[in-house]
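Labels below follow one simple rule: chain letters A, B, ... track the order of the sequence lines, proteins then strands, and each chain is numbered from 1.
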Protein chains: 2
Amino acid sequence: MSLRYALLALLTSRPMTGYDVSKQFSQSVAHVWHAPDSQIYPELNRMERDGLLESTVVPWGKKGTKKEYAVTEAGIAAFREWMDAPIEIRRQREPAYLKAAYLEWAEPGAARAELEQFRDHWTEHLTMLEATRATLVDRSHPTLARRLEHYDANQWDRIVRYKIFAYDGLIDQARAAVAWAERGLVLVDELEGSTVD
Amino acid sequence: MSLRYALLALLTSRPMTGYDVSKQFSQSVAHVWHAPDSQIYPELNRMERDGLLESTVVPWGKKGTKKEYAVTEAGIAAFREWMDAPIEIRRQREPAYLKAAYLEWAEPGAARAELEQFRDHWTEHLTMLEATRATLVDRSHPTLARRLEHYDANQWDRIVRYKIFAYDGLIDQARAAVAWAERGLVLVDELEGSTVD
DNA sequence: ACAAACTACCTATCTCTATAGTGAGTGGCA
DNA sequence: TGCCACTCACTATAGAGATAGGTAGTTTGT
């Protein structure tokens with residue numbers, strides 16, 4: 001159910017088409033809540049049906065049209081309500097840690113390969129998070145820039161710092177994951193013996 | 001699909017009834033992969049149908065019976081295959097971090113309450129993880145003890161250290177979450193002003 | 001003039017997960 | 001004798017999410 005609020009969060013910066021949303025998503029909210037467009041389009045429809053969004057049809061080229069969604073008053077209210085409600089605690093679902101606990105069943109080579117894959121994935125993710133964090137710090141992040149336009153300049157610092165705070169948390173998690181995988185590689189080498197050719 | 005492998009992992013320690021599984025789950029594998037019994041029972045059935053488990057009906061009291069599941073050769077093979085396959089990378093789905101990024105929309109009181117709730121949840125989780133880790137270190141963990149019986153004593157250290165390694169990763173994540181929430185509380189106080197009565 | 005890449009939006013289907021039950025047997029204790 | 005907590009096993013249903021498509025118009029480069 002958080003997808004709805006992730007979309008509201010994004011759309012509070014400016015009105016967007018479904019396509020914009022699905023593109024913007026990957027550069028901001030997706031770091032925190034991934035969704036494919038096959039989920040985004042139907043959800044936007046449902047949100048309009050529920051009165052959280054309203055759409056205007058905009059011409060596009062000669063014959064084409066596109067639908068731009070804007071958050072309604074009811075949408076703002078729903079978002080505020082969600083913000084003030086207790087957070088849903090996520091269930092633990094971590095296949096990587098599950099596997100790690102049973103690494104004695106893996107081939108030594110496979111164990112190493114998986115830890116490397118895990119480390120590389122998180123390293124890449126970390127790089128992206130740090131890059132995005134930097135665009136928040138210097139306020140060059142496009143969605144953030146559009147968002148700040150609605151606010152008085154004396155509010156900017158407050159808004160930006162919450163976003164940086166969120167990214168800091170994600171960066172911490174990513175760094176912890178990378179460090180853990182690296183310790184895992186050392187452990188595998190120690191326990192399985194180094195079989196490097 | 002990892003539920004299947006989480007169940008296999010647990011059942012490699014010893015044969016169990018569905019009820020045992022759903023109880024043991026919460027004390028071990030659930031730290032890494034939570035599942036309610038309404039998922040466990042049907043999955044055990046499907047795994048038997050697919051030949052990964054076989055069940056024997058055991059009498060229980062005067063009239064009652066229970067069904068004990070044991071991993072088959074095919075089950076072991078499937079588990080090994082999964083262990084050697086690349087890990088599925090989980091999508092980011094973190095409502096807490098999503099909210100954190102938009103904390104300017106929350107009431108200051110609500111923001112504080114949520115961060116406290118988040119911190120408390122992870123603190124509690126951390127305590128449980130550390131307690132379980134300790135039972136792995138001293139090998140008093142019941143499922144681990146049963147598991148080690150299948151192995152030669154010179155393998156014990158290897159097996160135990162992988163489990164400790166997995167818990168260390170979870171503990172790192174939990175600690176990072178707690179520390180982040182604490183920084184968040186300081187930030188909220190700074191930005192929203194201290195409105196403590 | 002045409003292809004390729006991009007914008008725009010949507011559907012179908014399947015699996016996974018969550019929630020909330022049902023119902024019967026057992027063992028202890030008051 | 002009756003009650004309660006626990007053991008055991010399962011079902012029904014709805015919603016969320018993943019995967020894999022489809023269709024139509026637009027822009028850009030050659």
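- Looking at the side chain of A:D20, the nearest of the listed nucleotides D:dC10, D:dG17, C:dA8 is C:dA8.
- Among the atoms of the strands shown, only primed sugar atoms or phosphate atoms (P, OP1, OP2) are found under 4.0 Å from some heavy atom of A:K67.
- Between the P atom of D:dC10 and the CG atom of B:L44 lies a distance of 9 Å, rounded to the nearest Å.
- Figure legend: cation-pi geometry between A:K99 and B:W82, with NZ or CZ positioned under 6.0 Å from the six-membered ring centre and within 45° of its axis.
- Every residue two or more places apart in sequence or in another chain that forms a ring pair (Phe, Tyr, Trp, His ring centres under 6.0 Å) with B:Y167 is listed here: B:H31.
- One can place OH of A:Y41 at 16 Å from P of D:dA24, the figure rounded to the nearest angstrom.
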With 3.5 Å as the limit, what N/O pairs link the protein to nucleotides 22-25 of chain C?
unit_1 : atom_1 : unit_2 : atom_2 : d
C:dG25 : O3'    : B:G64  : N      : 3.2

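- Scored by the side chain to side chain donor-acceptor pair (under 3.5 Å) test, B:Q117 finds no partners at all (sequence neighbours excluded).
- In this structure, the ring of B:Y97 has its center less than 6.0 angstrom from the ring center of B:W180.
- B:E94 places its CD atom 13 Å from the P atom of D:dG17, with the value rounded to the nearest Å.
- For the pair B:K66 NZ and C:dG27 P, the computed distance is 10 Å after rounding to whole Å.
- When the C1' atoms of four end pairs are superposed on the next four at each end of the helix from C:dA1-D:dT30 to C:dA30-D:dT1, using five pairs per end, the two resulting axes differ in direction by 10°, to 10°.
- Classified by interplanar angle (parallel below 30°, tilted 30° to 60°, perpendicular above 60°), the ring pair A:H125/A:W122 is perpendicular.
- Comparing D:dA9, C:dA8, D:dG17 by their closest approach to the side chain of A:T17 singles out C:dA8.
- Per the geometry, CD1 belonging to A:I40 stands 15 Å off P belonging to D:dA16, to the nearest Å.
- Distance, A:E43 CD to D:dG15 C1': 11 Å, rounded to whole Å.
- Atom CZ in A:R49 sits roughly 16 Å away from atom C1' in C:dC10 (whole-Å rounding).
- If you measure from atom CD of B:Q39 to atom P of C:dT17, you get 6 Å, rounded to the nearest angstrom.
- Residues satisfying the ring pair (Phe, Tyr, Trp, His ring centres under 6.0 Å) criterion with B:Y41, sequence neighbours excluded, are absent altogether.
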Short N/O separations, protein against nucleotides 21-23 of chain D, under 3.5 angstrom:
none

